[in-house]
Amino acid sequence: MEEVLQVQIDPNRIPSHIAIIMDGNGRWAEEQGHERLYGHFHGVESVRNIVEGCAEIGVKYLTLYAFSTENWDRPQQEVDGLMSLLVDTIRKEVEILSKNNIKMHVIGDMNMLPEQARKELHEALELTSHNTGLNLIIALSYSSRWELVNAVQKIALDVQKGKIDPEKIDHQTLQSYLTTSNFPDPELMIRTSGEYRISNFLLYQLAYAELYFTNTRWPEFRKKHLVEAILDFQARERRFGKTSKQLTEESIGS
Ligand code: IPE
Ligand code: IPE
Ligand code: MG
């Protein structure tokens with residue numbers, strides 16, 4: 001890792017959860033005169049590099065948006081290519097992940113995935129389930145609206161069964177019905193490729209995340225870009241609705 005940049009990171013203020021919208025694969029490929037799939041293929045190298053970087057820096061949770069619910073509407077050839085890339089990548093990478101103590105999780109509508117991909121994923125989750133290092137969360141066939149609708153349906157069913165009192169539903173209740181119930185909210189959200197939108201990603205969980213946008217296309221995103229994003233994050237003041245003065249007083253008081 002680029003030592004000079006990394007030493008500038010304040011070890012006491014490392015975001016515990018980073019979420020990334022890995023965007024720009026298709027455009028990157030086309031800019032090089034290749035098919036879009038070529039970009040997805042190269043994007044895997046960035047995933048490898050960033051997972052390693054997060055583990056080195058000491059990030060506890062990394063969520064990668066790999067495929068959205070809306071991405072099913074892409075041309076069939078691209079969807080098929082992405083699915084087989086996914087199966088291949090998991091098969092190739094799972095042992096390394098396991099050796100590096102990385103625990104894999106998946107969030108999204110698994111019912112939409114081809115049988116083979118589901119099987120491969122299931123094995124990877126199983127194999128890494130006892131690991132205690134970086135939690136790698138893959139958002140696959142995921143969208144926030146799908147997740148929220150799902151959560152509301154489950155809550156309604158539990159109300160019907162008398163398991164929960166509707167008057168007692170609070171933030172904690174809703175949180176516990178989300179696919180991310182076991183993870184803290186992301187503190188830093190990075191989107192590559194120069195698009196300034198959320199594209200149905202963790203709408204509820206990003207409530208207080210710091211957002212970082214970069215023009216770098218995902219296949220070119222490397223540890224040094226990650227470090228730049230973290231340094232940018234560390235230069236910000238997170239106020240959570242309070243005033244700057246209150247925060248200063250609190251930090252003096254503690
Ligand atoms: C992100 O890159 C990967 C997926 C959505 C699967 P894109 O495929 O969206 O690439 P662009 O945004 O079209 O360049
Ligand atoms: C968001 O990227 C989804 C992923 C990166 C997996 P998209 O490329 O699908 O988003 P839009 O269509 O530009 O909003
Ligand atoms: Mg895109």
Side-chain angles (χ1 to χ4, degrees), residues 17-51 54 61-90 92-93 104-114 116-118 120-121 124 136-150 178-180 183 186 188-206 209 211-222 225-226 229:
H17 186 171
I18 298 181
I20 307 183
I21 302 179
M22 309 185 288
D23 197 17
N25 295 351
R27 275 165 289 162
W28 179 81
E30 279 156 8
E31 283 152 13
Q32 321 276 317
H34 292 282
E35 302 261 323
R36 295 176 56 83
L37 272 174
Y38 178 85
H40 298 313
F41 187 76
H42 277 267
V44 175
E45 190 51 44
S46 306
V47 171
R48 216 175 273 135
N49 190 272
I50 295 311
V51 168
C54 282
Y61 299 85
L62 171 66
T63 299
L64 298 177
Y65 201 8
F67 194 88
S68 73
T69 310
E70 288 77 19
N71 289 149
W72 290 113
D73 297 332
R74 290 196 178 184
Q76 196 57 41
Q77 190 218 2
E78 184 169 344
V79 171
D80 292 346
L82 275 163
M83 286 302 135
S84 60
L85 181 63
L86 172 79
V87 173
D88 272 10
T89 307
I90 296 172
K92 282 195 202 130
E93 301 293 321
M104 211 174 114
H105 310 261
V106 185
I107 56 171
D109 187 359
M110 293 304 115
N111 295 327
M112 296 286 287
L113 293 177
Q116 186 59 23
R118 266 207 304 258
E120 221 55 66
L121 273 168
L136 173 62
I137 304 145
I138 312 287
L140 194 61
S141 188
Y142 173 89
S143 80
S144 223
R145 287 182 175 177
W146 164 81
E147 175 181 49
L148 288 166
V149 167
N150 226 16
L178 298 177
T179 59
T180 52
F183 319 126
L188 170 62
M189 196 288 286
I190 301 171
R191 182 171 189 150
T192 60
S193 92
E195 303 297 350
Y196 299 86
R197 54 178 173 264
I198 307 289
S199 301
N200 220 344
F201 186 46
L202 302 174
L203 299 179
Y204 187 77
Q205 297 87 336
L206 292 176
L211 308 182
Y212 180 86
F213 298 95
T214 169
N215 287 333
T216 308
R217 310 276 197 229
W218 179 251
E220 290 188 335
F221 195 83
R222 288 292 178 274
H225 302 103
L226 172 72

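Both counts, for ligands and for their atoms, begin at 1 and track the order of listing. Just so you know, these numbers use all the heavy atoms, side chains as well, and skip hydrogens, waters and symmetry mates.
- Distances below 4.0 Å separate heavy atoms of Phe67 from the following atoms of ligand 2: 6 (C).
- No hydrogens or angles considered: nothing links the side chains of Asn49 and Ser46 as a donor-acceptor pair under 3.5 Å.
- Among His40, Glu30, Arg217, Arg27, the residue whose heavy atom lies closest to atom 14 (O) of ligand 1 is Arg27.
- Across every non-hydrogen atom of Tyr65 and Met22, the tightest pair is O-CE, 3.3 Å.
- From the protein, the heavy atom lying nearest to atom 5 (C) of ligand 2 is Met22 O, 3.4 Å.
- At a 4.0 Å heavy-atom cut-off, ligand 1 touches Ala66 through the backbone alone.
- Side-chain contact of Trp72 with Ser141: a donor-acceptor pair under 3.5 Å is present, judged by distance alone.
- A heavy-atom separation below 4.0 Å is not found between Ser193 and ligand 1.
- In Arg74, the part holding a heavy atom less than 4.0 Å from any atom of ligand 1 is the side chain.
- For atom 2 (O) of ligand 2, the nearest non-hydrogen atom of the protein is Arg191 NH2, 3.6 Å.
- Using modelled atom types and a 3.5 Å distance limit, the side chains of Gln32 and Tyr38 yield no donor-acceptor pair.
- Tyr142 and Asn200 make their closest contact through CE2-O, 3.7 Å (heavy atoms, listed as atom of the first residue, atom of the second, distance).
- Counting heavy atoms closer than 4.0 Å to ligand 2, residue Phe201 contributes nothing at all.
- Close to ligand 1: Arg36, with a non-hydrogen atom less than 4.0 angstrom away.
- Taking every heavy atom of Gly26 and a limit of under 4.0 angstrom, the matching atoms of ligand 1 come to 7 (P), 8 (O), 10 (O), 11 (P), 14 (O).
- For Phe67 against Leu82, the heavy-atom pair with the smallest separation is CE1-CD1, 3.7 Å.
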Inset, instruction - Start with the C-alpha gap between His225 and Thr214, add the side-chain angles, then the distance that decides, and say whether side-chain hydrogen bond (donor to acceptor under 3.5 Å, both in side chains) holds. - result: CA-CA 9 Å; His225 302 103; Thr214 169; over 6 Å; no
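- Residue Asn71 has at least one N or O atom closer than 3.5 Å to an N or O atom of ligand 2.
- The closest approach of Asp23 to the Mg ion (ligand 3), by N/O/S atoms, is made by OD1.
- Under a 3.5 Å cut-off, the side chain of Trp218 and the backbone N or O of Gly43 do form a donor-acceptor pair.
- Every atom of ligand 2 with a heavy atom of Ile21 under 4.0 Å away is listed here by number and element: 1 (C), 5 (C).
- For the ligand labelled ligand 2, residue Arg197 lies inside the 4.0 Å heavy-atom shell.
- Taking the ring centroids of His105 and Phe183, they lie under the 6.0 Å cut-off.
- The presence of a protein heavy atom under 4.0 Å from atom 11 (P) of ligand 2 is confirmed.
- At a 3.5 angstrom cut-off on N or O pairs, Tyr65 does not count as close to ligand 2.
- Under the 3.5 Å distance criterion, with hydrogens and angles disregarded, a donor-acceptor pair is assigned to the side chains of Glu78 and His40.
- The two residues Met110 and Arg118 have their closest heavy-atom pair at O-NH1, 3.3 Å.
- Looking at Ala139 against ligand 2, nothing comes within 4.0 Å, counting heavy atoms.
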